[in-house]
> 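One structure, pasted below without further comment.
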Amino acid sequence: METLFKVLLIIFSVSLIAIVLLQKGKSAGLSGAITGGAEHLFGKQKARGMDLVLQRVTMVLAAGFFILTVVVAYVVG
């Protein structure tokens, strides 16, 4: 059982890395780092199409990763 959870954790990790790398950058440069967060918070930029799918898959994989990390820590420790 412990091995199964560890293998699932590795699969989630690699998948999460791949999905994040597939997404395009929201803004470039230092000004994008400052204003990009504000635009995202206030909803001026809405994801459409493939960006929306990648965003939702990223959230699902991230949640699964955190849950599996806690489970593996609990099972091993």
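Hydrogens, waters and symmetry mates are skipped; everything else that's a heavy atom, side chains included, is used. Every value quoted in this text rests on a predicted model; they were computed, and no experiment measured them.
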> Under the side chain to side chain donor-acceptor pair (under 3.5 Å) rule, what pairs show up with a residue in residues 64-77, not counting sequence neighbours?
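Side chain to side chain donor-acceptor pair (under 3.5 Å) check on residues 64-77 returns no pairs.
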> With side chain to side chain donor-acceptor pair (under 3.5 Å) as the rule and sequence neighbours excluded, what pairs involving residues 1-15 come up?
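Every side chain to side chain donor-acceptor pair (under 3.5 Å) pair that includes a residue of residues 1-15, provided the two are not neighbours, is Glu2-Lys6.
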> Test: salt bridge (charged side-chain N to carboxylate O under 4.0 Å, His left out). Region: residues 58-77. Which pairs qualify, not counting sequence neighbours?
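Qualifying pairs, neighbours excluded: none.
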> Do Val72 and Ile67 share a hydrophobic cluster (ILVMFWY, side-chain heavy atoms under 4.5 Å, transitive)?
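Yes.
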> Please say whether more than 12 non-hydrogen atoms of neighbouring residues, nucleotides or ligands are located less than 6.0 Å from CE in Met59.
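Above 12, so yes.
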> Mind checking the CG-CG spacing from Leu68 to Leu4? Nearest 0.5 Å is all I need.
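Between Leu68 CG and Leu4 CG, I get 9.0 Å after rounding to 0.5 Å.
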> Give me the other members of the hydrophobic cluster that Val7 sits in, counting Ile, Leu, Val, Met, Phe, Trp and Tyr linked by side-chain heavy atoms under 4.5 Å, directly or via other members.
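Taking Ile, Leu, Val, Met, Phe, Trp and Tyr as members, Val7 shares its hydrophobic cluster with Ile11.
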> Taking the side chain as C-beta and beyond, is there a heavy-atom pair between Gln23 and Thr58 under 4.5 Å?
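Counting from C-beta outward, Gln23 and Thr58 do come under 4.5 Å.
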> Only counting residues at least two apart or in another chain, list the ones meeting side chain to side chain contact (heavy atoms under 4.5 Å, CB included) with Leu22.
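In terms of side chain to side chain contact (heavy atoms under 4.5 Å, CB included), with neighbours along the sequence ignored, Leu22 is linked to Ile19, Leu54.
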> Side-chain heavy atoms under 4.5 angstrom apart, residues restricted to Ile, Leu, Val, Met, Phe, Trp, Tyr: same cluster for Val75 and Val70?
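No, Val75 and Val70 fall in different hydrophobic clusters.
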> Are Met50 and Leu16 connected, step by step, through hydrophobic side chains (Ile, Leu, Val, Met, Phe, Trp, Tyr) whose heavy atoms are closer than 4.5 Å?
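Yes, it is one cluster - the side chains of Met50 and Leu16 are joined through contacts under 4.5 Å.
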> Would you say Phe66 ends up clustered with Phe5 if hydrophobic residues are merged whenever their side chains have heavy atoms under 4.5 Å apart, either directly or through other cluster members?
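Phe5 and Phe66: one cluster.
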> If we only count heavy atoms from C-beta on, is the Arg56 to Leu52 side-chain gap below 4.5 Å?
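Sidechains of Leu52 and Arg56: in contact.
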> What distance separates Phe65 CZ from Leu8 CG, expressed to the nearest 0.5 Å?
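The CZ atom of Phe65 sits 12.5 Å away from the CG atom of Leu8.
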> Apart from Leu21 itself, what residues make up its hydrophobic cluster when side-chain heavy atoms of I, L, V, M, F, W and Y under 4.5 Å apart count as a link, directly or indirectly?
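The other cluster members (ILVMFWY side chains, heavy atoms under 4.5 Å, direct or chained) are Ile17.
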